[in-house]
Amino acid sequence: MASDIYERIYDIVRAVPHGKVTTYGHIAAAIGSRGGARLVGWALNAVAHSDRIDIPCHRVVNRLGELSGKMHFETPYVMRERLEAEGVQFLGEAVDMRHHLWEPPTEA
DNA sequence: ACTTTGACTTGCA
DNA sequence: ATGCAAGCCAAAG
């Protein structure tokens, strides 16, 4: 299955702890595609367009901790609001990766 | 069927 | 330290 990695991404993103965030790079590396970070974003885009709303895409940020996909949400601020509601601290416009950066398990 | 872009990251110059 | 280029897989044009 070509979209096998998609399942991998969905599973990881869905496994993100409450009040934490992860980066595309870590997810990509966890699925076996280090440079496949763009796939993660693409997968989430497909998710956002699908009924995969169970995927906390708002917990997925770029390596800078910025909510890169916030603009793809129904509202760009809803993402930050949601993260703050989970107890995530914001450093200006980026998430406090120092404490909220969650690294996905390098599952097989 | 081929080409280009895409919610990114890392490496080299 | 900063700038440019390459890489990854998939989907849309």
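All chains are named by letter (A, B, ...) in the order of the sequence lines, taking the proteins before the strands, and each is independently numbered beginning at 1. Since we're looking at a predicted model, the values are computed, not measured.
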Pairs under 3.5 Å (N/O, protein and nucleotides 5-7 of chain C):
| residue | atom | partner | partner atom | Å |
| --- | --- | --- | --- | --- |
| C:dG7 | O6 | A:R38 | NH1 | 2.9 |
| C:dG7 | N2 | A:G35 | O | 3.2 |

* **Sugar-phosphate only, base, or nothing, as touched by A:N45 at under 4.0 Å among non-hydrogen atoms** =>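 Answer is base: heavy atoms of A:N45 come under 4.0 Å of a base.
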* To do: Pick base, sugar-phosphate or nothing for A:A43, based on heavy-atom distances below 4.0 Å to the nucleic acid.
  =>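 Result for A:A43 = nothing.
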Using atom [atom1] of [X] as one end and atom [atom2] of [N] as the other, report the distance to the nearest whole Å.
{"X": "A:R8", "N": "C:dA10", "atom1": "CZ", "atom2": "P", "value": "11 Å"}
{"X": "A:Y6", "N": "C:dC9", "atom1": "OH", "atom2": "C1'", "value": "7 Å"}
{"X": "A:Y24", "N": "C:dA10", "atom1": "OH", "atom2": "C1'", "value": "16 Å"}

* Asked: So, are A:K20 and A:E86 salt-bridged, with charged N and O less than 4.0 Å apart?
  ->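 Answer for the salt bridge query: no.
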* For C:dG7 versus B:dT4, give the span between their C1' atoms, rounded off to a whole number of Å. =>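 One C1' to the other, the span is 16 Å.
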* For atom C1', what is the distance between B:dA7 and C:dC4, given to the nearest Å? ->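 Straight-line distance between the two C1' atoms is 22 Å.
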* Quick one: how far along DNA chain B does chain A reach, first to last nucleotide 5' to 3', anything under 4.0 Å to a heavy atom? ->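 The protein-touched segment is B:dG6 to B:dT10.
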* Does a side-chain heavy-atom distance below 4.5 Å link A:R59 with A:L83? ->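 In contact.
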* Would you say A:V16 and A:V21 make side-chain contact, with heavy atoms under 4.5 Å? ->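 Result no, sub-4.5 Å side-chain heavy-atom pair not found.
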Side chain [X], main chain [Y], donor-acceptor under 3.5 Å:
{"X": "A:H100", "Y": "A:G19", "answer": "yes"}
{"X": "A:T23", "Y": "A:V61", "answer": "no"}
{"X": "A:S33", "Y": "A:I31", "answer": "no"}

* Is NZ or CZ of A:R80 both nearer than 6.0 Å to the six-membered ring centre of A:F90 and within 45° of the ring axis? ->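 The answer is yes, since A:R80 meets both limits relative to A:F90.
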* Asked: Heavy-atom count around A:E84 CD within 6.0 Å, excluding the residue itself: above 12?
  ->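 Correct, the count exceeds 12.
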